[in-house]
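Protein chains get the first letters and strands the later ones, always in sequence-line order, with residue 1 at the start of each.
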Number of protein chains: 2
Amino acid sequence: MNKKILIADDEKRMRILVSDFLSIEGYDMLEAADGKQAIDLFMKNPQIHLVILDVMMPLYNGWEVCQAIRKISEVPIIMLTAKNKEPDELNGFDSGADEYITKPFSPSIFVARVHALMKRTYGLQSESKEIIKGDLCIHLMQHRVTVSGDIIELSQTEYALLLYMIQNESQVLSRDQLLDHVWGYDYQGTDRTVDTHINRLRIKLRKSGSYIQTQRGYGYKFEVT
Amino acid sequence: MNKKILIADDEKRMRILVSDFLSIEGYDMLEAADGKQAIDLFMKNPQIHLVILDVMMPLYNGWEVCQAIRKISEVPIIMLTAKNKEPDELNGFDSGADEYITKPFSPSIFVARVHALMKRTYGLQSESKEIIKGDLCIHLMQHRVTVSGDIIELSQTEYALLLYMIQNESQVLSRDQLLDHVWGYDYQGTDRTVDTHINRLRIKLRKSGSYIQTQRGYGYKFEVT
DNA sequence: ATTTTGTGTGATATAGATGTAACATTAGTT
DNA sequence: AACTAATGTTACATCTATATCACACAAAAT
């Protein structure tokens, strides 16, 4: 379950920018174009893990939204402020925001601060929930796999298959087992389906593909050589 | 691979407390803050070995989550109940929980009960599922054989043959016996097939091959010299 | 609607496992 | 020592499991 983030900004470009970066990082984004929308969305989605508010917004400004949310929730809040506005900064902390970031900002720094706040608030989760096996790294939160740092695009099935095999590292898994756990218990598929997906995984994982070993007559197993 | 435990409790403090203690004990912890999250997490992680549910949770309460999980899994479930609630206890067993622990509880007792339930359910497992004979080691779970630590690749038949002989250590096994048990009762083959496979085994096992001894006129036996 | 992406299945190719037979060697017998 | 039967060893034809490819279809994105 990805963490949900609410981004409220009247500038569409900014919303899209922020949403794109954070989506890539594995968060589910909700967008609001003004203060009222922001509050409404927050009320309707109890499971929002982080709120990002632009100060300048129609209907209710960022501080007002912040205070409204604070009345009912301890959710971490990041304020986006324009440059060099001392009073705003103070004001931001007063109204209960956890951080403020001045525009313009670099996406990477922005993302890093979001991660950090997530981590501070919810524990490891946002980042470090990753499994490292040799050159292979599974970023669980983000559903992303890297090999020696290179991002590998995997489909749902491929990801699930890889994860299941890693979770059962060093154990030989029969095709039936894999079909049951990755495709579902009631799934009607042939063994060849598994083979094909194993093949695709191996190709996509490149050198790390060799971690998936064939156990002739039994099935496959994942093991770092 | 560590055993995975899902802890579901709406109180963050409680989640952290439990997670910390069990992490130290070597378990991998997954956390859910409400009933829905708990169910979602469980669905997404087929490899959860134990579930701990607080009774009082938003969205779905512990009993409901318990029943939902029970519909698809026999995973051991521990319920955390408030003190002195007889009906809850009964209810807990009805909904399929394996144990219930009343809050507040002492961490050490808690941990002990988790360990006990793990052991009861999964046995010793991670260790000791191997047979050691001299330099030879059969890792049953992994279907793997090692000689002095070196991995030996065996085919199905070879593995089955070796295992059968080891299971009947020091007994002379006729070729017919071996054909019956390793190849199957209805198998139509000549005695010489056994010889060939014995030969292959001896070669693959290298020095440990000498554990397979010929009993001229009778058959073969496995014995560590 | 069109393109792209994911998925499952079958066909074919390849590699590995198996059984048999031929030949070599050994152990036991005379 | 010579013979014989059992076993060891090797080679090879056959079979089987897996790898790989190609394609049809479905789902998703554009």
Side-chain angles (χ1 to χ4, degrees), chain A residues 16 19-20 23-24 143-145 151-165 172-207 209-222, chain B residues 143-145 151-165 172-184 186-207 209-222:
Chain A
I16 290 176
S19 284
D20 283 351
S23 297
I24 292 170
H143 265 253
R144 175 188 283 172
V145 174
I151 294 171
I152 305 295
E153 297 291 346
L154 295 184
S155 73
Q156 289 293 112
T157 318
E158 287 157 0
Y159 182 81
L161 176 59
L162 177 61
L163 204 56
Y164 183 69
M165 296 198 71
V172 179
L173 303 167
S174 71
R175 291 177 174 73
D176 279 347
Q177 247 175 308
L178 292 170
L179 282 171
D180 282 353
H181 285 91
V182 177
W183 279 262
Y185 284 89
D186 52 351
Y187 184 77
Q188 297 291 62
T190 79
D191 289 356
R192 302 296 96 220
T193 300
V194 178
D195 295 27
T196 301
H197 277 266
I198 289 282
N199 186 331
R200 288 172 181 150
L201 256 183
R202 282 176 170 156
I203 292 169
K204 286 194 180 179
L205 299 183
R206 306 181 60 86
K207 62 186 168 191
S210 62
Y211 299 158
I212 299 174
Q213 293 170 24
T214 305
Q215 217 66 8
R216 180 167 272 256
Y218 296 102
Y220 301 94
K221 74 174 172 186
F222 182 94
Chain B
H143 266 260
R144 175 186 281 174
V145 174
I151 295 169
I152 306 295
E153 298 289 348
L154 295 184
S155 75
Q156 288 189 77
T157 321
E158 288 157 0
Y159 182 82
L161 176 59
L162 176 61
L163 205 56
Y164 182 70
M165 296 196 70
V172 180
L173 302 165
S174 72
R175 292 177 175 73
D176 279 347
Q177 248 176 307
L178 291 170
L179 281 173
D180 282 352
H181 284 92
V182 177
W183 278 261
D186 53 351
Y187 184 77
Q188 300 289 60
T190 79
D191 290 0
R192 306 315 313 281
T193 300
V194 178
D195 296 29
T196 303
H197 276 267
I198 289 283
N199 181 266
R200 287 172 181 149
L201 255 184
R202 282 175 171 158
I203 293 169
K204 286 194 179 178
L205 299 183
R206 306 181 61 87
K207 62 186 168 191
S210 62
Y211 299 157
I212 300 173
Q213 294 168 24
T214 305
Q215 220 63 10
R216 196 181 179 83
Y218 297 98
Y220 301 95
K221 74 173 174 184
F222 182 94

task: Rounded to the nearest angstrom, tell me the gap between atom CG in B:Leu154 and atom P in C:dA17.
output: 10 Å
- line: Between OH of B:Tyr159 and C1' of C:dA17 the distance, given in whole Å, is 18 Å
For B:Leu201, the option from B:Ile152, B:Ile212, B:Val145 that meets side chain to side chain contact (heavy atoms under 4.5 Å, CB included): B:Ile212
message: What is the separation between atom CG on A:Asp195 and atom P on C:dA15, rounded to the nearest whole Å?
response: 16 Å
- line: Taken to the nearest whole Å, CD/A:Gln215 to C1'/C:dG16 is 13 Å
- request: Figure out the CG/P separation between A:Leu161 and C:dT7, and round it to whole Å.
  value: 11 Å
Protein proximity profile, nucleotides 20-30 of chain C - base contact B, sugar-phosphate-only contact S, no contact -, cut-off 4.0 Å on heavy atoms: BB----BBS--
task: Sorted by first residue and then second, give each salt bridge (charged side-chain N to carboxylate O under 4.0 Å, His left out) pair with at least one member in residues 197-207 of chain B; sequence neighbours left out.
output: B:Glu158-B:Lys204
query: Hey, are the side chains of B:Leu162 and B:Phe222 touching, using non-hydrogen atoms and a 4.5 Å cut-off?
result: yes
- request: Rounded off to whole Å, could you give me the CG-to-C1' distance for the A:Asn199 and C:dT14 pair?
  value: 13 Å
A:Asp191: partners by side chain to side chain contact (heavy atoms under 4.5 Å, CB included), with sequence neighbours left out: A:Arg175, A:Asp176, A:Leu179
query: How far apart are the closest heavy atoms of B:Trp183 and B:Leu178, and which atoms are they?
result: CE3-O, 3.5 Å
query: Contact boundaries of DNA chain D with chain B (under 4.0 Å, heavy atoms), 5' to 3'?
result: D:dA5 to D:dA11
query: Is B:Trp183 near enough to C:dG19 that one of its side-chain N or O atoms lies under 4.0 angstrom from OP1 or OP2?
result: yes
task: Can you sort out the partners of B:Tyr164 under side-chain hydrogen bond (donor to acceptor under 3.5 Å, both in side chains), two or more places apart, ordered by chain and number?
output: B:His181
- line: Residue set satisfying salt bridge (Lys or Arg N to Asp or Glu O under 4.0 Å) with A:Arg192, at least two apart, ordered chain then number -> A:Asp195
- request: Would you check, one step at a time, whether the test side-chain contact (heavy atoms from CB on, under 4.5 Å) holds for A:Leu205 with A:Tyr211?
  value: CA-CA 9 Å; A:Leu205 299 183; A:Tyr211 299 158; over 6 Å; no
query: Is B:Glu153 touching bases, backbone alone, or none of the nucleic acid, heavy atoms closer than 4.0 Å?
result: nothing
